[in-house]
J.: 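Here it is, the structure in full.
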Amino acid sequence: VDKSGNESVKDLGSFTPYFIDNEKPEIGSIGVSETIDGFYKAGSEVEISFNATDSGSGIATGKVFCNGTEVVANGEGKFIATLAEDATEIKVQVIDNVGNSAEKKINLKADKTAPTVTSPSGYDYEVVDGVLYAKSGVPYHLSASDEESGVRGFSVGGVFRANGFEGVISASTATLP
């Protein structure tokens, strides 16, 4: 429009808006099923999940890596990985719609040993074909320990034989703090 009020119109056709987005996406927590306090059973198959946000152009893609190898999402959109026999590094990488990226890593430790079951001095037992035989010292007391990840719970059940007596121990479980 000029000072006299004459207008000129020009068709510019279609155009694509451009975002100015210099901010990286933010990755919140990374979750790994079947782990407790950063420990897992060696060779476990787990589901890896994460949450991410981007206040600029939005999230374009998210990737998960297990010890440097990309984990491809399955048909349900879940990232399933088999954890290593020693230690595992999980890395999540998120890329927004203009190419800004962020990554976050967590390290997990394998626990390859089962807890040790012990009994106090004076109590002796043996296990034959899955049956616990007390050799002395009834009533019987057991405890469990684990040097790597700690003991999560303790359960006893099955057949118990001592001094000619045979009985069934009902399944009893104690969960430790």
Side-chain angles (χ1 to χ4, degrees), residues 11-120 127 130 132 141-158 169-177:
D11 184 6
L12 299 175
S14 64
F15 63 94
T16 303
Y18 291 94
F19 292 100
I20 297 176
D21 179 1
N22 296 321
E23 300 294 320
K24 293 180 178 183
E26 292 186 28
I27 301 171
S29 62
I30 299 173
V32 181
S33 66
E34 308 300 322
T35 61
I36 297 174
D37 296 330
F39 282 93
Y40 64 89
K41 184 176 178 181
S44 299
E45 187 174 88
V46 299
E47 180 180 340
I48 302 163
S49 60
F50 64 93
N51 58 40
T53 58
D54 185 77
S55 59
S57 60
I59 304 288
T61 187
K63 296 180 180 182
V64 172
F65 299 86
C66 182
N67 287 337
T69 301
E70 185 173 356
V71 178
V72 178
N74 66 14
E76 299 174 4
K78 296 179 179 180
F79 296 98
I80 307 293
T82 301
L83 302 180
E85 294 293 323
D86 45 20
T88 297
E89 177 188 83
I90 302 294
K91 178 175 84 171
V92 171
Q93 180 184 47
V94 176
I95 302 169
D96 70 14
N97 284 303
V98 296
N100 297 315
S101 67
E103 67 179 46
K104 186 173 188 177
K105 298 176 185 179
I106 61 170
N107 292 303
L108 305 172
K109 296 173 267 182
D111 184 348
K112 298 185 239 180
T113 59
T116 302
V117 177
T118 57
S119 63
V127 177
L132 175 70
H141 302 278
L142 298 172
S143 62
S145 63
D146 187 282
E147 295 295 320
E148 291 189 44
S149 62
V151 176
R152 177 175 39 169
F154 188 83
S155 65
V156 176
I169 300 172
S170 63
S172 61
T173 303
T175 301
L176 306 176

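What's counted below: heavy atoms across the whole structure, side chains too, no hydrogens, waters or symmetry copies. Sequential numbering from 1 along the given sequence is applied to the chain's residues.
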J.: Identify the two heavy atoms, one from N67 and one from A84, that lie closest to each other, and give their separation to 0.1 Å.
T.: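 Nearest heavy atoms, N67 then A84: ND2-CB, 3.5 Å.
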
J.: Going through the checks in order, is the side chain to side chain contact (heavy atoms under 4.5 Å, CB included) test met by N74 and F79?
T.: CA-CA 6 Å; N74 66 14; F79 296 98; over 6 Å; no

J.: Flag yes if more than 12 heavy atoms outside E26 fall under 6.0 Å of its CD atom; otherwise flag no.
T.: no

J.: Using a 3.5 Å distance criterion without hydrogens, assess whether the side chain of K104 forms a donor-acceptor pair with backbone atoms of G28.
T.: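 At least one qualifying donor-acceptor pair exists.
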
J.: Any donor-acceptor pair under 3.5 Å linking the side chain of N100 with the backbone of D21?
T.: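 Side chain of N100 to backbone of D21: a pair is present.
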
J.: Would you please name every residue forming a side-chain hydrogen bond (donor to acceptor under 3.5 Å, both in side chains) with T88, sequence neighbours left out?
T.: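 For T88 the side-chain hydrogen bond (donor to acceptor under 3.5 Å, both in side chains) partners, ignoring immediate neighbours, are Y40.
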
J.: Taking atom CD as the centre, does E34 end up with more than 12 heavy-atom neighbours from other residues, nucleotides or ligands that are less than 6.0 angstrom away?
T.: no

J.: Has D111 got a side-chain atom pairing as donor or acceptor with F39's backbone, closer than 3.5 angstrom?
T.: no

J.: If you take all heavy atoms of I80 and E45, which pair is closest and at what distance?
T.: CG2-CG, 3.4 Å

J.: Give a yes or no on whether the backbone of P25 and the side-chain of D96 come within a donor-acceptor separation of less than 3.5 Å.
T.: no

J.: Atom NZ in K63, atom CD in Q93: separation rounded to 0.5 Å?
T.: 6.0 Å

J.: Please lay out, stage by stage, how L83 and V46 fare under the test side chain to side chain contact (heavy atoms under 4.5 Å, CB included).
T.: CA-CA 7 Å; L83 302 180; V46 299; 3.7 Å; yes

J.: Determine whether a donor-acceptor pair (N or O, by modelled atom type, separation under 3.5 Å) exists between the side chain of S33 and the backbone of E47.
T.: yes

J.: Check the pair I48 / I30 against side chain to side chain contact (heavy atoms under 4.5 Å, CB included), numbers first and verdict last.
T.: CA-CA 7 Å; I48 302 163; I30 299 173; 4.2 Å; yes

J.: Taking all non-hydrogen atoms of both residues into account, name the closest pair between V71 and C66 and its distance.
T.: CG2-CB, 3.8 Å

J.: Do you know which two heavy atoms are closest between S101 and I95, and how far apart they sit?
T.: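 Taking S101 first and I95 second, the nearest heavy atoms are CB-CG1, 3.9 Å.
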
J.: Report the distance from atom NZ of K105 to atom CD1 of I90, rounding to the nearest 0.5 Å.
T.: 12.0 Å

J.: Can you name the residues that form a salt bridge (Lys or Arg N to Asp or Glu O under 4.0 Å) with E76, not counting sequence neighbours?
T.: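 Partners of E76 under the salt bridge (Lys or Arg N to Asp or Glu O under 4.0 Å) test: K78.
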
J.: Testing I27, N51, I106 one by one against V92 for a side-chain contact (heavy atoms from CB on, under 4.5 Å), which residue passes?
T.: I27

